[in-house]
Amino acid sequence: MMNENNDPEQTSPEMDPSQLSEQNEMVPSSHEEWSRPRLDLTKVQMASDRIREQLHKVIIGQDAFIDELLIALYAGGHVLVEGVPGIAKTLTAKLLAHTIDVGFSRIQFTPDLMPSDVVGTTVFNMQSSEFTFNPGPIFSQIVLIDEINRAPAKTQAALFEVMEELQVTVDGNTYHMEFPFFVMATQNPIEQEGTYKLPEAQLDRFLLKINLEYPTLDEEQAILRRFRNDFKPGQTETLQKVFHPEELKQCRRLVEQVYIKDELLDYIAAMVHHTRNSGDLYLGASPRASLAILRSAKAYAAIQGRDFVTPDDIQYVAYPALNHRIILTPEREMEGYLAKDVIKDIVQKIEVPR
């Protein structure tokens, strides 16, 4: 859709000069960018605001977490959420699903879970004398997989096809997933006993890996004050369904049209290519990582109300898009380096396009 105000010279008479200067720094400057049609991203912003409003009825803080979930939702990817117990990983994912008018299922991964418990199985129907397929809990639109690293590799591998190709093949028959299909998986980074580390190929299927930390002191005080007389902080009765699949389709089409200039595409490529030549890394990022940064940066720009990508957008999504796709060398791990440190160093080394 076209924005009614297409004139770059037209500004609000009430605009503060400092705001105007700041805005000019954000607006694309090339003739090609000025001449292209402007996108009206009001629908994306309004949908995001409605979802945030509902989640903040229960969740205190976690603004970056919510934004990154929205980025993945608009970009058509899946998310892996990692954090210590008790910081609302599962709750936030569950509440997000509750605000969207789609089917929802939750799968608790355990060491004895079998692949057929996830994707379903074929059984013999005595009445019709034929085999029929009974779909598993993965056949939903938003799927929350709790503690994904609790299940063995065989069960984790059952997610490969469905996450990448949005379909499941059982006994030679293929079953397609309904739109939208969005997987949110959680894992605990400290309890490693009885867990199975996700292989690199599995991790690469997640668009973003979100690492959560403890709330701040102010946020923790706000949590206690909000729930001092309510012992059921996980209740969803107060939340409303404010987002529909057709709206999501429209938002995704808008996100796809967000403009990104060639120099920024080269910037992404250089960033990912540097991970493959870094002496700090044993394994660099794949081309899927480049596409993940591209899609996520477009979605983040749209959430901010901009129809063009800036270097800041790329830098914002670089860490969640890369941190699960790289492996540090043993020497760097022994020195106490983290993936975050290496990614930050790479981002600083790459020249930012002007």
Side-chain angles (χ1 to χ4, degrees), residues 62 64-65 67-68 71-72 77-85 87 89 147-153 156-157 159-160 163 185-216 264-297 300 311-353:
Q62 302 287 24
F65 178 28
D67 281 349
E68 287 165 359
I71 287 171
H78 311 290
V79 294
L80 176 63
V81 185
E82 184 175 283
V84 296
I87 54 175
K89 300 186 302 294
E147 295 188 290
I148 188 172
N149 56 338
R150 290 285 178 194
Q156 294 173 1
L159 300 172
F160 273 25
M163 289 178 62
T186 69
Q187 69 177 11
N188 184 343
I190 59 172
E191 284 184 328
Q192 299 302 322
E193 185 177 350
T195 64
Y196 303 82
K197 183 180 178 182
L198 272 68
E200 281 65 38
Q202 176 91 40
L203 291 170
D204 208 26
R205 262 65 177 181
F206 289 98
L207 181 77
L208 304 176
K209 179 186 175 188
I210 305 171
N211 293 287
L212 296 185
E213 299 179 353
Y214 287 115
T216 64
L264 291 181
L265 294 177
D266 296 340
Y267 181 53
I268 295 173
M271 188 181 297
V272 174
H273 183 75
H274 198 86
T275 66
R276 303 167 195 163
N277 299 285
S278 172
D280 298 325
L281 298 178
Y282 172 75
L283 177 70
S286 69
R288 189 183 279 129
S290 302
L291 295 173
I293 295 175
L294 169 64
R295 292 159 57 188
S296 301
Y300 184 62
D312 288 341
D313 299 328
I314 295 172
Q315 293 173 6
Y316 180 85
V317 302
Y319 176 66
L322 290 176
N323 76 99
H324 57 302
R325 291 183 164 100
I326 60 175
I327 299 178
L328 273 65
T329 61
E331 294 79 13
R332 285 292 177 263
E333 287 186 346
M334 287 188 294
E335 292 172 3
Y337 274 65
L338 301 174
K340 186 175 185 178
D341 302 323
V342 177
I343 294 172
K344 182 179 179 181
D345 183 58
I346 290 174
V347 169
Q348 291 176 344
K349 287 180 179 178
I350 306 298
E351 183 179 356
V352 179

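Residue indices begin at 1 and follow the sequence shown.
Counting non-hydrogen atoms of other residues, nucleotides and ligands closer than 6.0 Å to OH of Tyr337 gives a total of 12 or fewer. Within a 6.0 Å radius of CD in Gln348, other residues, nucleotides and ligands contribute more than 12 heavy atoms. In His273, the NE2 atom is not crowded: 12 or fewer heavy atoms of neighbouring residues, nucleotides or ligands sit closer than 6.0 Å. By the 6.0 Å contact criterion, CZ on Phe160 is enclosed, its count of non-hydrogen atoms from other residues, nucleotides or ligands being greater than 12.
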Could you go through the side-chain contact (heavy atoms from CB on, under 4.5 Å) check for Ile87 and Phe65 one step at a time?
CA-CA 11 Å; Ile87 54 175; Phe65 178 28; over 6 Å; no
Between Ile148 and Leu159, does the side-chain contact (heavy atoms from CB on, under 4.5 Å) criterion hold? Intermediate values first, please.
CA-CA 10 Å; Ile148 188 172; Leu159 300 172; 3.9 Å; yes
Under the side-chain contact (heavy atoms from CB on, under 4.5 Å) criterion, do Val79 and Glu68 qualify, and how do the steps go?
CA-CA 9 Å; Val79 294; Glu68 287 165 359; over 6 Å; no
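A donor-acceptor distance shorter than 3.5 angstrom exists from the side chain of Gln156 to the backbone of Ala151, with no hydrogens or angles considered. Arg276 contributes no side-chain N or O that, together with a main-chain N or O of Leu283, makes up a donor-acceptor pair within less than 3.5 Å. Under a 3.5 Å cut-off, the side chain of Thr186 and the backbone N or O of Lys89 do not form any donor-acceptor pair. At least one donor-acceptor pair closer than 3.5 Å links the side chain of His78 to the backbone N or O of Met163.
Separating the CG atom in Leu281 from the CD1 atom in Ile346 is a distance of 5.5 Å, to the nearest 0.5 Å. Between Ile343 atom CD1 and Met271 atom CE the span is 10.0 Å, to the nearest 0.5 Å. Note that CG of Leu338 is 11.5 Å distant from NZ of Lys344, once rounded to the nearest 0.5 Å. In this structure, Gln62 CD and Glu213 CD are separated by 10.0 Å, a value rounded to the nearest 0.5 Å. Distance check, rounded to the nearest 0.5 Å: CG of Asn211 to CG of Leu80 gives 8.0 Å.
Taking both residues in full, the closest heavy atoms of Thr329 and Tyr282 are given as CG2-N, 3.6 Å, listed atom of the first, atom of the second, then distance. Heavy atoms only, all atoms of each residue included: Val272 and Ser286 are closest at CG1-O, 3.9 Å. Of all non-hydrogen atoms in Val342 and Ser278, the two that sit nearest each other are CG1-OG, 4.5 Å. Shown here for Arg325 and Leu207, the closest heavy-atom pair between the two residues is NH1-O, 3.3 Å. Of all heavy-atom pairs between Ala339 and Asn323, the closest is CB-O, 4.1 Å. Shown here for Ser290 and Ile268, the closest heavy-atom pair between the two residues is O-CG2, 3.7 Å.
For the salt bridge (charged side-chain N to carboxylate O under 4.0 Å, His left out) test with Arg332, the passing option among Asp345, Asp280, Asp341 is Asp280; the others fail.
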